[in-house]
Amino acid sequence: SQTIHQWPATLVQPVGSPLSLECTVEGTSNPNLYWYRQAAGRGLQLLFYSVGIGQISSEVPQNLSASRPQDRQFILSSKKLLLSDSGFYLCAGGGSSYEQYFGPGTRLTVT
Amino acid sequence: KNQVEQSPQSLIILEGKNCTLQCNYTVSPFSNLRWYKQDTGRGPVSLTIMTFSENTKSNGRYTATLDADTKQSSLHITASQLSDSASYICVVSERGGTASKLTFGTGTRLQVTL
């Protein structure tokens, strides 16, 4: 089975600082990878997904970007964080569009 | 617009009791429906997945039902335990879609008390 690793688990960053969240996948090759954000009391919002190295699709315009430098590595970045970027960020992976195994999440607080 | 609505928003039950969570969706064309359990501060974990032809699926004390005609699903939890306290999320996939064709409900927050 697949395992999704994410780090860090929690992060507190000041407004205007850069961000880099990393996600790696074990147990499969060439997975589809996803970044979601979950605001408190809200559903999951898909931010980015990738079907292969260097292939990134963005779902919503925002202050964030994603990259996939290796088959099983997915990175979420920002050059300058905004207060509105606070939230719970989840990485997910799967062998198909409908297969979604989630990582443990990163709680980001922008102050 | 595809939507997934879950009810109730939150629920408190006594340990040992049963409960049923509801999910109504408007996603079309339908591919499959998943129920996830999400503990606070953790990633969601899949409980069940059902395709169009399946109308019930069990995973231990969790039993999901699907009525594709009325576009409704339910998750029944039997003999609840304190560890069942979590958010339960319904997710519906659109047939032929990509990752962007998953529609998430906002979840039902379940609290099991003594």
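Every chain is numbered from 1 and lettered A, B, ... according to where its sequence line falls, protein lines coming before strand lines.
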*asked:* So B/Ile49 and A/Gln100, do their side chains get closer than 4.5 Å, heavy atoms only?
replied: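 The answer is no, as the side chains (C-beta and beyond) never meet within the 4.5 Å cut-off.
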*asked:* Do A/Gln45 and B/Phe104 have side chains that approach each other closer than 4.5 Å (heavy atoms only, starting at C-beta)?
replied: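 They are not in side-chain contact.
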Please say yes or no: joined through hydrophobic side-chain contacts below 4.5 Å, possibly via intermediate residues, are [X] and [Y] part of one cluster?
X       : Y       : value
B/Leu75 : B/Tyr36 : no
B/Ile77 : B/Val45 : no
A/Ile4  : A/Trp7  : no
A/Leu44 : B/Tyr25 : no
B/Leu82 : B/Tyr88 : yes

_Counting only heavy atoms not in B/Glu5 (residues, nucleotides, ligands), do more than 12 fall under 6.0 Å from its CD?_
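Result for CD/B/Glu5: open.
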*Rounded to the nearest 0.5 Å, how far does CD of A/Gln38 lie from CD1 of B/Ile89?*
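Spacing of CD1 (B/Ile89) from CD (A/Gln38) equals 5.5 Å.
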_From A/Phe102 atom CZ to B/Arg42 atom CZ, the distance as rounded to the nearest 0.5 Å_ =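 Separation between the atoms: 14.0 Å.
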_Per-residue contacts, residues 66-90 of chain A versus chain B, heavy atoms under 4.5 Å_ =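 Listed by number, the contacting residues are A/Phe88, A/Leu90.
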*Which region of B/Gln9, side chain (C-beta onward) or backbone (N, CA, C, O), has a non-hydrogen atom less than 4.5 Å from a non-hydrogen atom of chain A, or is it both or neither?*
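Neither the backbone nor the side chain of B/Gln9 comes within 4.5 Å of chain A.
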_Chi angles and distances behind the side chain to side chain contact (heavy atoms under 4.5 Å, CB included) call for B/Leu102, A/Leu46_ = CA-CA 9 Å; B/Leu102 294 171; A/Leu46 179 63; over 6 Å; no
